[in-house]
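All heavy atoms count here, side chains included; hydrogens, waters and symmetry mates do not.
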Amino acid sequence: MSSEQPIVHEGNLGSKRLRDLGLTILGTPLEVVLQEFQRELSACGVTKVRPHFYLSTEWGVPFDTISIAIPFYLVRVDLTDFHAERGGLVEGGGPSDILRYLRHEMGHVVNYAYRLYERPEWTAQFGDINLPYEEEYRPKPFSSQYVDHLPGWYAQKHPDEDWAETFAVWMTPGLNWRERYVRRPALAKLEYCDRVMAELREREPLTTVEDPDEDVGGLDFTLYEH
């Protein structure tokens with residue numbers, strides 16, 4: 001199967017509605033990255049919960065689902081360029097960067113699939129998931145209370161993000177997180193994650209709901225409007 005999808009001429013691209021672009025993961029370089037990610041999951045023992053991947057406007061996991069939304073512009077070079085040239089932040093500039101975001105989002109999937117956020121020990125480590133989610137937050141740069149994974153000290157944004165970032169560090173291939181975070185309070189969160197994932201290795205998830213939000217196939221605004 002060809003890894004190329006039709007590219008619309010630049011002059012017509014911006015006026016195209018997202019749903020009319022015919023975007024799909026299948027047969028693209030992004031599919032290859034997702035296959036590598038699945039191998040990573042198997043290598044670290046995450047085999048009972050398999051995420052559903054779909055294209056949307058940004059990275060994310062709808063609450064209490066196992067669906068990972070991936071920015072649609074990552075499936076085609078012309079869309080990535082269009083996004084970047086108009087001031088958009090490209091979150092996933094190459095396979096290694098895409099994998100970094102996927103590890104983070106998988107943390108949300110595991111959290112929701114097993115409802116870890118309901119556990120008292122999870123709350124003791126990361127906080128109450130029902131705390132307000134503020135888009136604008138003031139992190140403490142280089143705080144030893146948190147792991148460092150996505151840009152902007154993202155773990156400090158919300159308890160749910162703290163867990164997702166911790167999970168991402170835990171599953172990163174070749175990363176000796178025990179050595180990297182030795183004598184730092186964040187190590188306790190990683191060790192908790194390690195214990196929980198060992199416990200869940202053979203356990204079926206509590207939810208397998210997909211329910212993707214803002215699937216690109218149903219979005220009727222144009223690239224310019226986006």
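- Residues M106 and Y54 do not share a hydrophobic cluster, clusters being chains of Ile/Leu/Val/Met/Phe/Trp/Tyr side chains in contact below 4.5 Å.
- Nearest heavy atoms, S67 versus P62: O-CD, 3.3 Å.
- By the salt bridge (charged side-chain N to carboxylate O under 4.0 Å, His left out) test, E36 is found to be paired with R39, residues two or more places apart in sequence or in another chain being considered.
- Every residue meeting the salt bridge (charged side-chain N to carboxylate O under 4.0 Å, His left out) condition with E199, not counting sequence neighbours, appears here in chain and number order: R119, R203.
- Expressed to the nearest 0.5 Å, how far CD of E105 lies from CD1 of I70 amounts to 9.0 Å.
- Scanning all heavy atoms of the two residues, the minimum distance from W163 to G107 falls at NE1-O, 2.8 Å.
- Here the straight-line distance linking atom CG of L79 with atom CG of L74 works out to 9.5 Å at 0.5 Å rounding.
- When every heavy atom of Y137 is checked against every heavy atom of G152, the shortest pair comes out as OH-O, 2.8 Å.
- With rounding to the nearest 0.5 Å, the separation of CZ in F167 from CG in L116 is 9.5 Å.
- No side-chain heavy atom of V147 sits less than 4.5 Å from a side-chain heavy atom of K189.
- Applying the salt bridge (Lys or Arg N to Asp or Glu O under 4.0 Å) test to residues at least two apart or on different chains, the pairs with a partner in residues 48-60 are K48-E204.
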Checking L55 against L30 for the side-chain contact (heavy atoms from CB on, under 4.5 Å) test, could you report, in this order, the C-alpha distance in whole Å, the side-chain angles of both residues, the deciding distance, and whether it holds?
CA-CA 11 Å; L55 299 175; L30 178 59; 4.1 Å; yes
Can you check side-chain contact (heavy atoms from CB on, under 4.5 Å) on T222 and K16, steps first, answer last?
CA-CA 5 Å; T222 68; K16 284 282 185 178; over 6 Å; no
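- For Q156 (side chain) and Y146 (main-chain N/O), no donor-acceptor pair under 3.5 Å exists by modelled atom type.
- To the nearest 0.5 Å, the span separating CG on L200 from CD on E202 amounts to 10.5 Å.
- With sequence neighbours left out, the side-chain hydrogen bond (donor to acceptor under 3.5 Å, both in side chains) criterion links E161 to H104, H108, Y133.
- Salt bridge R195/E121: present, at least one basic N to carboxylate O contact under 4.0 Å.
- Looking only at side-chain heavy atoms (C-beta outward), R76 and L13 come within less than 4.5 Å of each other.
- Distance CG/D20 to OG/S15: 10.0 Å, rounded to 0.5 Å.
- Follow the hydrophobic side-chain contacts under 4.5 Å out from V32 and you never reach L23; the two are in separate clusters.
- Residues R201 and C44 approach most closely at NH2-O, 3.9 Å, considering heavy atoms.
- Listed by first and then second residue, the salt bridge (Lys or Arg N to Asp or Glu O under 4.0 Å) pairs involving residues 169-185 are R178-D194 (not counting sequence neighbours).
- Residues that satisfy the side-chain hydrogen bond (donor to acceptor under 3.5 Å, both in side chains) test with D148, not counting sequence neighbours, are absent from this structure.
- There is a path of hydrophobic side-chain contacts, each under 4.5 Å, that joins Y192 to V169.
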Sequence neighbours left out, cut at 3.5 Å: what donor-acceptor pairs do the side chains of residues 208-221 make with other protein atoms?
residue, atom, partner, partner atom, Å
D215, OD1, G217, N, 2.9

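- Here the shortest heavy-atom pairing between L131 and P159 reads CD1-CG, 3.9 Å.
- For F126 and W122, the gap between ring centers is short of 6.0 Å.
- Within the 3.5 Å criterion, the main-chain N or O of V61 finds no donor-acceptor partner in the side chain of T65.
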Test log, rule side-chain contact (heavy atoms from CB on, under 4.5 Å), inputs H149 and T172:
CA-CA 10 Å; H149 182 69; T172 300; 4.2 Å; yes
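- Both I98 and I68 are members of a single hydrophobic cluster when ILVMFWY side chains are connected at heavy-atom separations under 4.5 Å.
- The hydrophobic clustering, which links ILVMFWY residues whose side-chain heavy atoms are closer than 4.5 Å, places F63 and V109 together.
- For the atom pair E31 CD and T28 OG1, the distance stands at 6.5 Å (nearest 0.5 Å).
- Using a 4.5 Å heavy-atom cutoff, the side chains of R100 and P151 are in contact.
- In this view, R19 satisfies the side-chain hydrogen bond (donor to acceptor under 3.5 Å, both in side chains) rule with no residue, not counting sequence neighbours.
- Counting heavy atoms from C-beta outward, L34 and L102 have side chains that approach closer than 4.5 Å.
- Scanning for side-chain hydrogen bond (donor to acceptor under 3.5 Å, both in side chains) contacts around D64 gives Y117, with sequence neighbours left out.
- When every heavy atom of Y73 is checked against every heavy atom of E91, the shortest pair comes out as OH-N, 3.2 Å.
- Checked against salt bridge (charged side-chain N to carboxylate O under 4.0 Å, His left out), D160 has no partners two or more places apart in sequence or in another chain.
- Between F82 and Y224, the ring planes are tilted. Angles from 30° to 60° get that label.
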Between I129 and H158, is a side-chain contact (heavy atoms from CB on, under 4.5 Å) present by the stated rule, with each step listed?
CA-CA 8 Å; I129 199 169; H158 188 270; 4.2 Å; yes
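- Taking the side-chain contact (heavy atoms from CB on, under 4.5 Å) definition, one finds that P185 meets it with S144, Q145, sequence neighbours left out.
- Scanning for ring pair (Phe, Tyr, Trp, His ring centres under 6.0 Å) contacts around Y101 gives W59, with sequence neighbours left out.
- Salt-bridge check for K157 with E165: failed, with every basic side-chain N at 4.0 Å or more from each acidic carboxylate O.
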